[in-house]
Colleague: 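The structure that follows is given in the form of structure tokens.
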Amino acid sequence: MATYARAERERLADLLAAAGPEAPTLCAGWTTRDLAAHLLLRERRPDAAAGIQLGPLAGWTARVQRGYARRPYEELVRMFRTGPPRFSPFALPGADEAANLVEYFVHAEDVRRAGPDRTPGPVAAPVADALWRRLPTAARLEAGRRSPVPLVLERPDGRSTAVSRRTGPAVHVTGEPGELVLFALGRGARAAVTVAGPEAAVAALRAAVPLPPPR
């Protein structure tokens, strides 16, 4: 079985360790310590992780996350690098790869691009293809849901996927799969993508989701 999520976990752990506990991230209001605590909560405390998506449980989630954040930072990074414990849903065969490749890729870039280096890094072709396969689902849940206009995501080689069922003129966002994933999950202001479409449609999209500055 492919282990791209495992490799992204290692990359993210390395970035967290190098950045230190108080570095900024692209997650609004979170330092690297907060992000590390979130990652541990997500895979080690399913009772609290539900509050990431369910508002009524958000208070409990925040309390558990603060508890993790009070631990020594080096311990947080080490625990994350080790992987999910046996009782975690992410320890089930195939679950880590299915659920965490996009998560860890995006959070690694949350750490890396919050610093001075905001350029895309190299992404191996198999990883890019794996991100591309997961892109439609991720995009429909985020950018596709928020976009007020039809939205088409395209790779430079011409492959594309439509992620919004709106009617009217479409906006085309083009980039490598990793960059499209970042755009789709709200990091478009730091993603290396190009945006094309009717001026009014692009303006409407820009008002709804983060996009790179106009050229």
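Count residues from 1 along the sequence.
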Colleague: Would you please test Arg42 and Asn100 for side-chain hydrogen bond (donor to acceptor under 3.5 Å, both in side chains) and show each step?
Modeller: CA-CA 11 Å; Arg42 183 173 169 272; Asn100 287 331; 2.6 Å; yes
Colleague: Are Val193 and Phe105 connected into the same hydrophobic cluster when the rule is that any two of I, L, V, M, F, W, Y join if their side-chain heavy atoms are below 4.5 Å apart?
Modeller: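 Hydrophobic grouping puts Phe105 with Val193.
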Colleague: If the plane angle is over 60° it's perpendicular, under 30° parallel, otherwise tilted; pick one for His107 and His38.
Modeller: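 Ring orientation of His107 relative to His38: perpendicular.
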Colleague: Looking only at heavy atoms, what is the nearest atom pair of Ala37 and Ala69, with distance?
Modeller: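 For Ala37 and Ala69, the tightest heavy-atom pair comes out as CB-N, 3.7 Å.
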Colleague: In the structure I gave you, are the side-chain heavy atoms of Glu154 and Val173 within less than 4.5 Å of one another anywhere?
Modeller: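 In short, these two side chains do not touch, never coming nearer than 4.5 Å.
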Colleague: What is the minimum heavy-atom distance between Arg166 and Pro150, and which atoms define it?
Modeller: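 The pair with the smallest heavy-atom distance is O-CG, 3.2 Å.
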Colleague: What's the separation between atom CG in Leu151 and atom OG1 in Thr161, rounded to the nearest 0.5 Å?
Modeller: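 So the gap between those two atoms works out to 9.5 Å.
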Colleague: Answer yes or no: is there a side-chain heavy-atom contact under 4.5 Å between Arg206 and Pro214?
Modeller: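 In contact.
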Colleague: If you define the side chain from C-beta out and look only at heavy atoms, does anything of Glu176 sit under 4.5 Å from Pro156?
Modeller: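 The answer is yes; the side chains approach within 4.5 Å.
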Colleague: Going through the distances and angles, do Arg11 and Glu109 end up as a salt bridge (Lys or Arg N to Asp or Glu O under 4.0 Å)?
Modeller: CA-CA 10 Å; Arg11 183 170 79 98; Glu109 296 304 306; 2.8 Å; yes
Colleague: Could you check whether any side-chain heavy atom of Leu35 comes within less than 4.5 Å of a side-chain heavy atom of Thr31, counting everything from C-beta outward?
Modeller: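 Sidechains of Thr31 and Leu35: no contact.
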Colleague: Taking only residues two or more places apart in sequence, or in another chain, which ones meet Arg140 in a side-chain hydrogen bond (donor to acceptor under 3.5 Å, both in side chains)?
Modeller: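 Per chain and number, Arg140 pairs via side-chain hydrogen bond (donor to acceptor under 3.5 Å, both in side chains) with no residue.
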Colleague: Who pairs with Trp132 by ring-ring contact (aromatic ring centres under 6.0 Å, His included), at least two apart in sequence or on another chain?
Modeller: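 ring-ring contact (aromatic ring centres under 6.0 Å, His included) check on Trp132 returns nothing, list empty.
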Colleague: Working to the nearest 0.5 Å, report the span between CZ of Arg70 and CG of Leu76.
Modeller: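 Arg70 CZ to Leu76 CG: 11.5 Å, rounded to 0.5 Å.
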Colleague: As a quick check of understanding, evaluate side-chain contact (heavy atoms from CB on, under 4.5 Å) for Asp129 and Arg155, giving each step before the final call.
Modeller: CA-CA 11 Å; Asp129 287 338; Arg155 296 179 69 160; 3.1 Å; yes
Colleague: Looking at CD of Glu103 and CG of Asp96, how far apart are the two atoms once the value is rounded to the nearest 0.5 Å?
Modeller: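 Reported value, rounded in 0.5 Å steps: 11.0 Å.
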Colleague: Tell me whether Val64 shares a hydrophobic cluster with Met79, the cluster being built from Ile, Leu, Val, Met, Phe, Trp, Tyr side chains joined at under 4.5 Å.
Modeller: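 Yes, Val64 connects to Met79 through the hydrophobic network.
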Colleague: Between Arg134 and Ala130 (side chain of the first, backbone of the second, donor and acceptor by atom type, cut-off under 3.5 Å), is there such a pair?
Modeller: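 Checked: pair present.
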Colleague: What are the two closest non-hydrogen atoms of Pro213 and Ala189, and how far apart are they?
Modeller: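 Closest approach of Pro213 to Ala189: CD-O, 4.3 Å.
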Colleague: Hey, mind stepping through Val195 and His172 against side-chain contact (heavy atoms from CB on, under 4.5 Å) and telling me if it holds?
Modeller: CA-CA 6 Å; Val195 183; His172 292 245; over 6 Å; no
Colleague: Can we say Arg9 and Glu43 salt-bridge, meaning some charged N sits less than 4.0 Å from an Asp/Glu carboxylate O?
Modeller: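 A salt bridge is present here (some side-chain N lies under 4.0 Å from a carboxylate O).
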Colleague: To the nearest 0.5 Å, how far apart are CZ in Arg165 and OG in Ser147?
Modeller: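 Output value for this atom pair is 14.0 Å.
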Colleague: For Pro212 and Ala191, which heavy atoms make the closest approach, and how far apart are they?
Modeller: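 Nearest heavy atoms, Pro212 then Ala191: CG-O, 3.6 Å.
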Colleague: Could you walk me through whether Val152 and Val171 pass the side-chain contact (heavy atoms from CB on, under 4.5 Å) test, one step at a time?
Modeller: CA-CA 6 Å; Val152 179; Val171 173; over 6 Å; no
Colleague: If you count the non-hydrogen atoms of other residues, nucleotides and ligands that lie under 6.0 Å from CD in Glu199, is the total more than 12?
Modeller: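 Atom CD in Glu199 is not crowded, with 12 or fewer foreign heavy atoms closer than 6.0 Å.
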Colleague: Can we say Arg66 and Asp34 salt-bridge, meaning some charged N sits less than 4.0 Å from an Asp/Glu carboxylate O?
Modeller: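 No salt bridge links Arg66 with Asp34.
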Colleague: Shortest non-hydrogen contact from Val123 to Ala128?
Modeller: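 It is CG1-N, 3.8 Å.
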Colleague: Within the side chain of Arg146, is there an N or O that forms a donor-acceptor pair under 3.5 Å with the backbone of Leu141?
Modeller: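 No; zero donor-acceptor contacts below 3.5 Å.
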Colleague: Can you check whether Ala19's main-chain N or O pairs, donor with acceptor, with Thr32's side chain at less than 3.5 Å?
Modeller: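 Not confirmed, Thr32 side chain does not pair with Ala19 backbone.
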Colleague: Applying side-chain contact (heavy atoms from CB on, under 4.5 Å) to Tyr4 and Leu131, what does each step give before you reach the verdict?
Modeller: CA-CA 10 Å; Tyr4 305 134; Leu131 290 171; over 6 Å; no
Colleague: Please determine whether residues Leu135 and Leu211 belong to a single hydrophobic cluster, defined as Ile, Leu, Val, Met, Phe, Trp and Tyr linked transitively by side-chain heavy-atom distances below 4.5 Å.
Modeller: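 Yes; tracing contacts between hydrophobic side chains, which count when under 4.5 Å, links both residues.
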Colleague: With rounding to the nearest 0.5 Å, note down the distance linking OG1 in Thr25 to CZ in Arg33.
Modeller: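 The OG1 atom of Thr25 sits 13.5 Å away from the CZ atom of Arg33.
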Colleague: I'd like to check Pro120 versus Glu179 (side-chain heavy atoms, cut-off strictly below 4.5 Å). Are they in contact?
Modeller: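 With C-beta onward as the side chain, the pair touches.
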Colleague: With the 4.5 Å side-chain cut-off for hydrophobic clustering, are Phe183 and Val202 part of the same group?
Modeller: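 Yes, it is one cluster - the side chains of Phe183 and Val202 are joined through contacts under 4.5 Å.
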Colleague: Would you give the length of the straight line joining atom CD of Gln65 to atom CG of Leu39, rounded to the nearest 0.5 angstrom?
Modeller: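 It comes to 9.0 Å.
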Colleague: Can you check whether Phe80 and Tyr104 have ring centres sitting under 6.0 Å from each other?
Modeller: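 Centroid distance Phe80-Tyr104: below 6.0 Å, so yes.
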Colleague: Are the side chain of Arg187 and the backbone N or O of Leu185 linked by a donor-acceptor pair below 3.5 Å?
Modeller: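 Yes; judged by distance alone, with no hydrogens or angles, the pair exists.
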Colleague: Quick one: closest heavy-atom pair of Tyr73 and Gly20, and the distance?
Modeller: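 Answer, listing the atom of Tyr73 first, then Gly20: OH-O, 3.3 Å.
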Colleague: Quick check: is Leu40 connected to Trp30 through a chain of hydrophobic side chains (ILVMFWY, heavy atoms under 4.5 Å apart)?
Modeller: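 Yes: a chain of side-chain contacts under 4.5 Å links Trp30 to Leu40.
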Colleague: Arg81 vs Glu10, test: salt bridge (Lys or Arg N to Asp or Glu O under 4.0 Å). Steps then yes/no.
Modeller: CA-CA 6 Å; Arg81 192 189 298 274; Glu10 290 290 341; 2.8 Å; yes
